Amino acid sequence: MELFSNLFRKKESKPSEPKRERLEDFFKIDIRDVFKYGPKYSSTEISMTGNEVKHYNLRLKELELDLFFEIEILQVADNEFTLIFKGKENKITTELSNFIDFYIDKFGLDEMGCGKIEQSDYDNIQKHIFSRMWKKLMIDNNEYNASNGNIEMTLLGLKMNVIK
């Protein structure tokens with residue numbers, strides 16, 4: 001009799017992953033309003049095109065994508081900026097892999113024709129030759145970058161939330 005009662009009992013469901021339909025859905029912080037977290041001003045430079053670029057640094061309270069501990073913010077216009085996420089380690093986390101899958105589903109293969117994470121990518125991470133590049137997203141672990149070979153992710157051309 002117990003067999004039949006277990007058969008018809010409602011199955012307990014596991015909590016599901018939040019639905020991620022937008023780039024912003026992958027981050028704990030508001031990537032469209034990073035200045036509300038009080039980043040520290042670092043420097044200003046003039047770009048090759050003659051525009052002023054302000055540099056800020058933001059140490060994160062929680063890891064983003066289970067990997068990134070700090071963000072360098074490049075403010076390139078009043079409401080446009082670039083975020084460079086600095087990795088704490090040289091690895092591909094599940095969260096980063098999910099983010100890459102989302103980006104591929106939304107924007108297609110990267111500039112080199114690469115897609116979802118494969119076993120060879122884990123080998124490339126160890127060799128410091130991992131890379132994914134799109135027009136507005138770059139992820140790599142080139143040992144010559146500022147993170148000393150740890151993985152970095154750059155989001156280019158983000159627009160700030162502007163309340164009108």
Side-chain angles (χ1 to χ4, degrees), residues 11-43 53-76 79-161:
K11 289 186 177 180
E12 292 181 29
S13 61
K14 295 179 183 176
S16 62
E17 284 270 325
K19 187 137 176 138
R20 296 173 170 173
E21 298 174 345
R22 306 172 309 141
L23 182 72
E24 295 86 341
D25 296 337
F26 281 85
F27 300 94
K28 297 171 188 154
I29 63 165
D30 182 351
I31 61 169
R32 303 268 182 200
D33 193 9
V34 293
F35 288 100
K36 73 180 179 184
Y37 302 102
K40 295 196 184 322
Y41 171 78
S42 171
S43 64
V53 178
K54 293 180 182 176
H55 294 253
Y56 298 85
N57 289 305
L58 177 64
R59 190 72 179 238
L60 300 169
K61 292 181 180 181
E62 296 180 76
L63 292 177
E64 291 290 350
L65 302 179
D66 290 332
L67 183 61
F68 302 108
F69 72 99
E70 185 176 18
I71 303 173
E72 182 179 356
I73 304 160
L74 307 178
Q75 187 175 11
V76 295
N79 71 336
E80 187 177 332
F81 54 97
T82 292
L83 299 179
I84 304 169
F85 288 80
K86 309 286 184 169
K88 151 186 152 165
E89 296 179 70
N90 184 38
K91 68 179 186 177
I92 300 170
T93 62
T94 301
E95 281 293 310
L96 179 60
S97 180
N98 291 341
F99 177 75
I100 291 171
D101 289 350
F102 160 82
Y103 212 84
I104 290 164
D105 289 343
K106 192 155 183 96
F107 299 104
L109 299 176
D110 81 341
E111 301 291 327
M112 303 298 288
C114 294
K116 297 186 179 198
I117 299 297
E118 300 174 353
Q119 183 56 48
S120 61
D121 293 313
Y122 293 99
D123 297 335
N124 290 342
I125 278 282
Q126 298 308 313
K127 296 175 186 172
H128 293 276
I129 57 172
F130 174 80
S131 179
R132 291 288 191 280
M133 288 188 207
W134 291 265
K135 185 178 180 181
K136 298 218 172 218
L137 172 68
M138 295 183 297
I139 304 168
D140 74 15
N141 72 335
N142 180 322
E143 59 189 71
Y144 301 109
N145 70 23
S147 290
N148 298 322
N150 287 343
I151 200 150
E152 274 190 1
M153 179 174 75
T154 304
L155 294 171
L156 297 127
L158 288 172
K159 301 288 185 192
M160 286 187 197
N161 287 336

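Position 1 is the first residue of the sequence; numbering continues from there. Note that this is a predicted model, so its numbers are computed, not measured.
Salt-bridge formation is not detected for the pair K28/E64: no Lys NZ or Arg NE/NH1/NH2 atom is positioned less than 4.0 Å from an Asp or Glu carboxylate oxygen.
Note: I92 CD1 to Y122 OH = 5.0 Å, rounded to the nearest 0.5 Å. If you take OG on S97 and CG on L67, they are separated by 12.0 Å, rounding to the nearest 0.5 Å. Residue E24 holds its CD atom at 11.0 Å from CD1 of I29, rounded to the nearest 0.5 Å. Residue N141 holds its CG atom at 6.0 Å from NE2 of H128, rounded to the nearest 0.5 Å.
With I139 as reference, I100 is the one residue of D110, I100, L155, T154 to meet the side-chain contact (heavy atoms from CB on, under 4.5 Å) rule.
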request  = Check step by step if side-chain contact (heavy atoms from CB on, under 4.5 Å) holds for E89 and I151.
outcome  = CA-CA 7 Å; E89 296 179 70; I151 200 150; over 6 Å; no

request  = Apply the test salt bridge (Lys or Arg N to Asp or Glu O under 4.0 Å) to residues D140 and R132: give CA-CA distance (whole Å), side-chain angles for both, the deciding distance (0.1 Å), then the verdict.
outcome  = CA-CA 6 Å; D140 74 15; R132 291 288 191 280; over 6 Å; no

inquiry  = For a ring pair (Phe, Tyr, Trp, His ring centres under 6.0 Å) check, start with the C-alpha distance between F85 and F27, then their side-chain angles and the critical distance, and finish with the verdict.
reply    = CA-CA 11 Å; F85 288 80; F27 300 94; 5.3 Å; yes

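Aromatic ring centroids of Y56 and Y37 lie 6.0 Å or more apart.
Counting heavy atoms of neighbouring residues, nucleotides and ligands inside a 6.0 Å radius, atom NZ of K159 exceeds 12 of them. Counted within 6.0 Å of NZ on K61, heavy atoms from surrounding residues, nucleotides or ligands total 12 or fewer; the atom is thus considered open.
In this pair, F26 and F99 present their aromatic rings perpendicular. The plane angle is above 60°, beyond the 30 to 60° band.
Inter-residue side-chain proximity for N57 and I71 is flagged as unmet; no heavy-atom pair is nearer than 4.5 Å. Annotation: side chain of H55 is not in contact with side chain of I73 (no heavy-atom distance under 4.5 Å). Under the 4.5 Å side-chain criterion, counting only non-hydrogen atoms from C-beta, R22 is in contact with D25. Looking at Q75 and M160, their side chains come closer than 4.5 Å, going by heavy atoms from C-beta outward. When side chains are defined from C-beta on, K86 counts as touching F69, because their heavy atoms get closer than 4.5 Å. T82 has its side chain out of reach of L158: every pair of non-hydrogen atoms, C-beta onward, lies at least 4.5 Å apart. Contact of the Y103 side chain with the K136 side chain is registered, since non-hydrogen atoms from C-beta on lie closer than 4.5 Å. Inter-residue side-chain proximity for L74 and I84 is flagged as met; some heavy-atom pair is nearer than 4.5 Å.
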Side-chain donor-acceptor pairs under 3.5 Å in residues 112-119, sequence neighbours left out?
none

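The closest side-chain donor-acceptor pair between N90 and N150, if any, does not fall under 3.5 angstrom.
Applying the side chain to side chain donor-acceptor pair (under 3.5 Å) criterion to R59, with sequence neighbours excluded, gives no partner residue.
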